[in-house]
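Okay, so here's the structure we're looking at.
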Amino acid sequence: MKSERYNVREAEPRWQKVWDQRGIFKTLNEDPRPKYYVLEMFPYPSGRIHMGHVRNYTMGDVVARHMRAKGFNVLHPMGWDAFGLPAENAAMERKVAPKAWTYENIATMKAQLQTMGLSLDWSREFATCDPSYYKHQQKMFLDFMKAGLAEREKRKVNWDPVDMTVLANEQVIDGRGWRSGAIVEQREMNQWVFKITKYSQELLDALDTLDRWPDKVRLMQRNWIGRSEGLLIRFALDPATAPNGETELKIFTTRHDTLFGAKFAAIAPDHPLATAAAAKNPKLAAFIAECKRHGIAQEIIDTQEKLGFDTGIRAIHPFDPSWKLPIYVANFVLMEYGTGAIFGCPAHDQRDLDFVNKYALGNTPVVCPPDVDPKTFVITDKAYDGEGTMINSRFLDGMTIEQAKEEVARRLENDVRGNAPAAERQVNFRLRDWGISRQRYWGCPIPVIHCPKCDVVAVPDQDLPVVLPEDVTFDRPGNALDHHPTWKHVTCPKCDGPATRETDTMDVFVDSSWYFARFTDPWNDAAPTTLPVVNRMLPVDQYIGGVEHAILHLLYSRFFTRAMKVTGHIGLEEPFAGMFTQGMVVHETYRKQDGSWVTPAEVKIDTGAKGRRAHLIATGEEVKIGSIEKMSKSKRNTVDPDDILSTHGADTARWFMLSDSPPERDVIWTEDGVQGAYRFLQRLWRLTNDLAEIAAPVGAARPKEFGTKATAVRKATHAALAHVGEDIERLRFNRCVAHIYEAANALSAALSDARAANSVSADLAWAFREAAEILIEIAAPMMPHLAEECWEALGHKTLVAEAPWPEVERGLLLEETITLPVQINGKKRADVTVARDAAVKDVEAAVLALEPVRRALEGRAPKRIIVVPQRIVNVVA
RNA sequence: GCCCCCGUGGCGGAAUUGGUAGACGCGCCUGACUCAAAAUCAGGUUGUCGCAAGGCAGUGCCCGUUCGACUCGGGCCGGGGGCACCA
């Protein structure tokens, strides 16, 4: 019996070296076998890997190793999402160049990932900040421009007047810039946008085809795209009140059934009609200016009072020329959605009701709830938005909401005024075009030149890439690219006159919108992709990452792929055939008596009679065990992957990550769990070494017959094999783990049994070999280093990483006799063992003969017997 | 406010999709080995009544469908997530 232990620290690097030297994870694009593309979201090189990375990359690696064993040409690459703000912050705080900082981090993190034993094809590695990558991104930007998919337009932005930069909504806190603390202004600036809204409908429709995506993610995208069907109504303006040249106001609505409950119309502060009216009305102009002064950040929106200002202009009701509605400018109407104008039906919309109550415009209910008398139905301060019957609405009275909508739409469509109908059916989307301009240095430069004569000029292809200058300084706020003394000054490619470069860089989400395509042929210097290759290797068969990217990254990538198709860089629309969102890694929190947080590494846990208690290792002081939360620096409940990788090894970390929690749920990192995983590793090693002593030699001839003991061993092993294969394919790793434990338990028991008997027959010896090999092969995707060690111990000269997935012997999984549970009135009372294919009649007879059944029946005949073949029997007494 | 998901032992979680609830792991208890500890091995571990055989209850709560419900339907309670001035 083996008494020494498996030496993790010695074995893991040794096997990693073997894999590396034999180059077994390199993928050839011309490999004729069917391809399988496994991808985990590539990391941002922040400095060190964290437990979330360990979990993410372990899952992907299990799938990759399994599919490789199943005979697929597996593509499993890795790279770096390397542009972004933290590099600039590091430059400001620590005086290191963003580039140097980034590549140093990459080197550190790559070394960490390599200790995890991931089966990655490192030959395809790139970082998005490599000019050899972003050069192609710039090319595609120019192609998108030509195709009308990238445009420059004026957009509202949050402007920080101190840092002199545009801020994302998330960077505005309480109306102030997160870094400078300055009050943020709303500004209109020229921004580059990608026209994702051209694909709103398509991106929505195609969600139905993504059947290997989580429903949750598809739903989130559906809501984000936010399609709504309604009516675009042209309200004529009362000529006596309208500004010069203005004749109508277009309003988009989804509640045209409530048209007879309308009390006012409202337009956005930046609506052209508002601008026209303000020209003659200084008070209105002041009100509009006040509205625009506020930022567009969430906090401001939430707390801002709903305000309006009567323009004096009157709109004419589409069904009654004598009915005039006041038009207000209102601070809650958005120019970006619909037409930037609404009509208010206060009785059935809370916001409109609040508005009329403030300005004393009254309300008329037009939808009466069921079981309410219309004569007594009044609205005071709570709007009714439920179902009901139309009232106070002339020809609509008595209709349902749906009928009324249809009737209004039909009448107005046919009511042609001038050369256009009074209304048309329209679909609106919540989705906005994707603003990609960032006033930042560490990003992909937008490859255009601004010429005073020729306007916006594309950088000619032969001048790509537009490379970031490295001699930049971060000693003052704003965009370091813009401050650079010479970089932006160029001559116009068209007229040779003096011109300036665009100093905005692209949103980092652009970088990650096509990296998966670049991985298929990162060696192509001439073009972003190699068409035959990218079309063969994509889509990604299994993509794995966090839910936090469920909307933006995944939606942008879906758009970008379509844009690449239009511009001839790819031949498909959907980049990710299978998507999986994994849960977070969470940990208990610990606090000292004074309230300060303590890291898990500083704490020792004791489980005594009084329950779990935690003490500081250094001083013995008791610390409070707090709630289990996402690992974060602020709560100090992080665990450095290096700690476990260097002590218990990669396989322990991987095994623990996969066990217990289902992969989509959060996993709680615990020291006990780690110990448990490590214990199993050692146990499996001992078990295989012990088995190796009594098992038949490698390649021994298969016996013709198997005895009872050998058959039992084989049954348990093949059952586990069948389960594990299926569960890996469905990413149910926690169940794989359970099945491997079960198989190992069964094998241990059979082994000690054989030892006690002091003799091993030839068929049992063969069964032991088969079982040991299968056990190692099914564990190999999850604990690959240990598996190699055991494979070698079993006498193999080959690598288990290159072994084909074993075949399940289905015949072993079918029993000749089966034991059925017997219920009496739905409660399990007994078991009955019958032949697998026993007739229902025979089963009934056997059941009625059972003692508990006879006792329950007390001599009477049963009311009913339900026999579900091979499942269960239920006797109704 | 709108939309979605989840509630199972001390804990993480299984349950062939309507058919034996609690697989597997962690923790805990008992025993073996040991001078002792660690490691390892064996057994136990939903609650409750019982010496036991065995019985009763039990998947957040209430009601329903069914021979049979963790699973399906309705209504509550609790927790989590997404979106949010969207017309």
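We name chains A, B, ... by the order of the sequence lines, and we start the count at 1 in each one.
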Taking a pair to mean Watson-Crick or G-U wobble geometry with both distances below 3.5 Å, G10(B) pairs with C26(B)

Just checking V873(A): base, sugar-phosphate only, or nothing, at a heavy-atom cut-off of under 4.0 Å? nothing

Decide if atom NE2 of H723(A) counts as having more than 12 heavy atoms of other residues, nucleotides or ligands within a radius under 6.0 Å. no

Selected nucleotide, minimal atom distance to Q823(A) side chain, candidates G68(B), G13(B), A87(B): G68(B)

Nucleotide nearest I872(A) when distance is taken to its side chain, options U20(B), A23(B), C83(B): U20(B)

Side-chain donor/acceptor of R218(A) to base of C4(B), under 3.5 Å: no

When we call it a touch if two heavy atoms are under 4.0 Å apart, what does N734(A) touch: a base, just sugar-phosphate, or nothing? sugar-phosphate

Side-chain atoms of I866(A) come closest, of G13(B), G19(B), A84(B), to G19(B)

Checking G19(B), C85(B), A23(B) against the side chain of K306(A) (C-beta onward), the nearest is C85(B)

Any side-chain donor near an acceptor of the partner, S228(A) and N428(A), under 3.5 Å: no

When the C1' atoms of G60(B) and U8(B) are compared, how many Å lie between them, rounded to an integer? 10 Å

Between C86(B) (C1') and R432(A) (CZ): distance, integer Å: 7 Å

Kindly point out which of A87(B), A39(B), C4(B) is positioned nearest to the side chain of T254(A)? A87(B)

P spacing across the pair U71(B) / C5(B), given as an integer number of angstrom: 16 Å

Which part of the nucleic acid does N745(A) contact within heavy-atom distance under 4.0 Å: base, sugar-phosphate only, or nothing? sugar-phosphate

Spacing of R665(A) atom CZ relative to G7(B) atom P, expressed in whole Å: 6 Å

Complementary nucleotide for C2(B) - Watson-Crick or wobble, under 3.5 Å: G82(B)

Quick one: is C41(B) close enough that its OP1 or OP2 comes under 4.0 Å of any side-chain N or O from R686(A)? yes

Most 5' of M220(A) and Q675(A) on RNA chain B, judged by nearest nucleotide: Q675(A)

For A38(B), give its Watson-Crick or G-U wobble partner with both distances under 3.5 Å, or none. none

Please report the distance separating the P of G10(B) from the corresponding atom of U45(B), rounded so that it comes out in whole Å. 15 Å

With a 4.0 Å cut-off on heavy atoms, is S661(A) in touch with a base, just the backbone sugar-phosphate, or nothing at all? sugar-phosphate

No-H, no-angle donor-acceptor pair, K216(A) side chain to C4(B) base, under 3.5 Å: no

Atom C1', compared across U59(B) and G54(B): separation rounded to whole Å: 24 Å

Do K216(A) and T581(A) get their side chains close enough for a donor-acceptor pair, meaning under 3.5 Å? no

Atom-to-atom span, CG of L334(A) to P of C86(B) - whole angstrom: 8 Å

Determine, stepwise, if the pair I740(A) / F680(A) fulfils side chain to side chain contact (heavy atoms under 4.5 Å, CB included). CA-CA 10 Å; I740(A) 290 171; F680(A) 182 65; 4.0 Å; yes

Integer angstrom distance from the P of C29(B) to that of G73(B): 44 Å

hbond_proxy D672(A) side chain to C26(B) base (donor-acceptor, 3.5 Å cutoff): no

Measure CG/L684(A) against P/G25(B) and give the value in whole Å, please. 13 Å

State whether a side-chain donor-acceptor pair under 3.5 Å links Y6(A) with T688(A). no

For U20(B), glycosidic torsion class - syn if within 90° of 0, otherwise anti: anti

side-chain N/O R864(A) vs C67(B) OP1/OP2, d < 4.0 Å: yes

Say we look at G9(B) and U48(B): how far apart would their P atoms be, to the nearest angstrom? 15 Å

Would you mind reading off the distance between H348(A) atom NE2 and G1(B) atom C1', rounded to a whole angstrom? 18 Å

What is the distance, to the nearest angstrom, from the CH2 atom on W655(A) to the C1' atom on C26(B)? 14 Å

For D651(A) and L786(A), indicate whether the former's side chain and the latter's backbone hold a donor-acceptor pair under 3.5 Å. yes

If the glycosidic angle is within 90 degrees of 0 it's syn, otherwise anti, so just tell me which one G9(B) is. syn

Given the C1' atoms of G12(B) and U65(B), what is the spacing between them in whole Å? 34 Å

Which comes earlier along RNA chain B counting from the 5' end, the contact point of D666(A) or that of A749(A), where each point is its nearest nucleotide? D666(A)

Please confirm whether any donor atom in the side chain of D660(A) sits under 3.5 Å from an acceptor in the base of G12(B), or the reverse. yes

Strictly below 4.0 Å, N to O, side chains only: are R755(A) and D690(A) in salt-bridge contact? yes

Gap in Å between the two C1' atoms, one belonging to G1(B) and one to U17(B), rounded: 35 Å

Do the side-chain N or O atoms of Y741(A) get closer than 4.0 angstrom to the phosphate oxygens (OP1, OP2) of G25(B)? no

Across all strands shown, which nucleotide pairs with C76(B) by Watson-Crick or G-U wobble geometry, both distances under 3.5 Å? G60(B)

Rounded to the Å, how far apart are R679(A) CZ and C26(B) P? 5 Å

From A87(B), G19(B), C85(B), pick the nucleotide closest to the side chain of Y337(A)? A87(B)

Under a 3.5 Å cutoff, is there a donor and acceptor pairing between the side chains of R558(A) and Q221(A)? yes

Begin from the C-alpha positions of D208(A) and R222(A) and carry the test salt bridge (Lys or Arg N to Asp or Glu O under 4.0 Å) through to its verdict. CA-CA 10 Å; D208(A) 293 332; R222(A) 199 165 282 134; 3.2 Å; yes

Tell me what V876(A) touches on the nucleic acid: a base, only sugar-phosphate, or nothing, going by heavy atoms under 4.0 Å. sugar-phosphate

G18(B): pairing nucleotide in any strand, Watson-Crick or G-U under 3.5 angstrom: none

Quickly work out the R871(A) CZ to G19(B) P distance and round it to whole Å. 6 Å

